[in-house]
Amino acid sequence: MIGVLMGSVYDSPKNILAVKSINKLKEEGVDSCLFCDIVNLNFSVPVKTSVLQRAHAFNFNGTIITHDLSMVQELKNMVYANKRYIYLYDFDWMRIQDLHFSHLSSTLMDDQIEIIARSDSHAKMISDLFKKPAHVMKYWDVQALKELD
């Protein structure tokens, strides 16, 4: 089972792609769910999979993925998850004020969290800064998601 961990689900390219992909997983018979605080009422994509409160992710025992840097600390504490991934869809850490490299590196270099990069060029940069990504997945590719499970 694949769980996607998000804070708020609102219209943004990476959120739309993520929800479309987990919808596609469900259509193809792969168990999936979305852990989040809220799905914005104006979100442009219907969510066709199970939606659970973010707190339920701490009891989840499948593969869990987040693309939200603010969720990485929580990901470290999800001890029941079989696999934990951070999908570095883009380099949002460059836009976070007062973020210290030590805070970022302590989570991204954690042995229990694997990194997914969006492209080979992203993977190279991530390798130079943190550790080698375990996978490259372009734009929430459904086939790549299936392989992660």
Side-chain angles (χ1 to χ4, degrees), residues 1-96 99 104 107-127 129-149:
M1 181 168 210
I2 297 175
V4 176
L5 176 66
M6 300 166 104
S8 297
V9 181
Y10 57 90
D11 275 343
S12 74
K14 67 182 181 179
N15 288 347
I16 291 169
L17 289 170
V19 171
K20 283 183 175 181
S21 291
I22 59 174
N23 285 345
K24 184 75 171 160
L25 285 175
K26 181 170 170 65
E27 290 171 11
E28 294 183 12
V30 177
D31 289 333
S32 62
C33 60
L34 174 62
F35 298 104
C36 65
D37 293 324
I38 188 167
V39 177
N40 188 297
L41 291 175
N42 298 323
F43 188 60
S44 60
V45 178
V47 181
K48 298 177 183 176
T49 191
S50 301
V51 178
L52 301 166
Q53 285 293 315
R54 191 173 83 197
H56 291 284
F58 289 96
N59 296 318
F60 183 68
N61 64 356
T63 298
I64 193 152
I65 304 168
T66 187
H67 64 231
D68 190 337
L69 274 178
S70 65
M71 300 288 127
V72 176
Q73 282 297 100
E74 292 181 19
L75 198 63
K76 284 176 65 171
N77 298 316
M78 294 180 182
V79 296
Y80 296 115
N82 293 335
K83 297 177 189 173
R84 291 172 260 179
Y85 294 99
I86 174 73
Y87 182 24
L88 295 178
Y89 181 84
D90 57 17
F91 300 136
D92 5 16
W93 64 78
M94 291 190 260
R95 295 183 297 275
I96 300 173
L99 178 68
L104 190 58
T107 54
L108 294 180
M109 294 179 76
D110 188 300
D111 290 336
Q112 296 177 353
I113 298 174
E114 294 189 56
I115 298 174
I116 302 170
R118 188 176 78 187
S119 66
D120 291 330
S121 61
H122 280 197
K124 167 117 177 59
M125 183 179 285
I126 293 164
S127 294
L129 289 170
F130 306 108
K131 65 181 178 185
K132 183 178 178 179
H135 303 278
V136 173
M137 176 172 65
K138 297 178 194 271
Y139 309 108
W140 283 96
D141 179 63
V142 174
Q143 286 308 115
L145 282 172
K146 287 179 183 178
E147 291 172 15
L148 296 177
D149 193 27

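Note that the numbering runs from 1 along the sequence shown for the chain.
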- Would you sort out whether Val79 and Phe58 count as a side chain to side chain contact (heavy atoms under 4.5 Å, CB included), showing the intermediate values? CA-CA 7 Å; Val79 296; Phe58 289 96; over 6 Å; no
Measure the [atom1]-[atom2] distance between [X] and [Y] for me, rounded to the nearest 0.5 Å.
X      : Y      : atom1 : atom2 : answer
Leu88  : Met137 : CG    : CE    : 10.5 Å
Met6   : Ile38  : CE    : CD1   : 13.0 Å
Ile2   : Leu148 : CD1   : CG    : 6.5 Å
Lys26  : Asp31  : NZ    : CG    : 8.0 Å
Met71  : Thr107 : CE    : OG1   : 12.5 Å
Ile113 : Asp110 : CD1   : CG    : 4.5 Å

pair [X]-[Y]: side-chain heavy atoms closer than 4.5 Å:
X      : Y      : result
Leu34  : Val47  : yes
Phe43  : Asp11  : yes
Ile64  : Leu75  : yes
Val9   : Asn40  : no
Ile115 : Lys131 : yes
Met78  : Leu5   : yes
Tyr85  : Thr66  : no
Thr49  : Val19  : no

- Query: Do Phe91 and His122 make the cut of ring centroids closer than 6.0 angstrom?
  - Reply: yes
[X] side-chain N/O to [Y] backbone N/O, donor-acceptor pair under 3.5 Å:
X     : Y      : value
Lys14 : Trp140 : no
Ser32 : Leu25  : no
Asn61 : Ala81  : no
Tyr87 : Tyr139 : yes
Asn59 : Tyr80  : no
Asn23 : Lys48  : yes

- Message: Can you confirm whether more than 12 heavy atoms, excluding those of Lys124, are under 6.0 Å from its NZ atom?
- Response: no
- Query: Are more than 12 heavy atoms from other residues, nucleotides or ligands located less than 6.0 Å from atom NZ of Lys76?
  - Reply: yes
- Check step by step if side-chain hydrogen bond (donor to acceptor under 3.5 Å, both in side chains) holds for His67 and Asn15. CA-CA 9 Å; His67 64 231; Asn15 288 347; 2.9 Å; yes
- Task: For the pair Val51 and Cys33, evaluate side chain to side chain contact (heavy atoms under 4.5 Å, CB included) and give the outcome as yes or no after the intermediate values.
- Result: CA-CA 6 Å; Val51 178; Cys33 60; over 6 Å; no
Closest approach of [X] to [Y] (non-hydrogen atoms, all atoms of both residues):
X      : Y      : value
Val72  : Ile86  : CG2-CD1, 3.3 Å
Gly7   : Asp68  : N-OD2, 3.6 Å
Ser127 : Pro133 : OG-CD, 3.3 Å

- List the steps and the verdict of side-chain hydrogen bond (donor to acceptor under 3.5 Å, both in side chains) for Asp37 and Ser8. CA-CA 6 Å; Asp37 293 324; Ser8 297; 5.2 Å; no
- Message: Working note: Arg118 + Val136, criterion side chain to side chain contact (heavy atoms under 4.5 Å, CB included); need CA distance, chi angles, decisive distance, verdict.
- Response: CA-CA 6 Å; Arg118 188 176 78 187; Val136 173; over 6 Å; no
- Task: Flag this pair as yes if the NZ/CZ of Arg54 is under 6.0 angstrom from the six-membered ring centre of Phe35 and inside a 45 degree cone about the axis; otherwise no.
- Result: no
- From CA spacing to verdict: side chain to side chain contact (heavy atoms under 4.5 Å, CB included), Asp141, Ser21: CA-CA 7 Å; Asp141 179 63; Ser21 291; over 6 Å; no
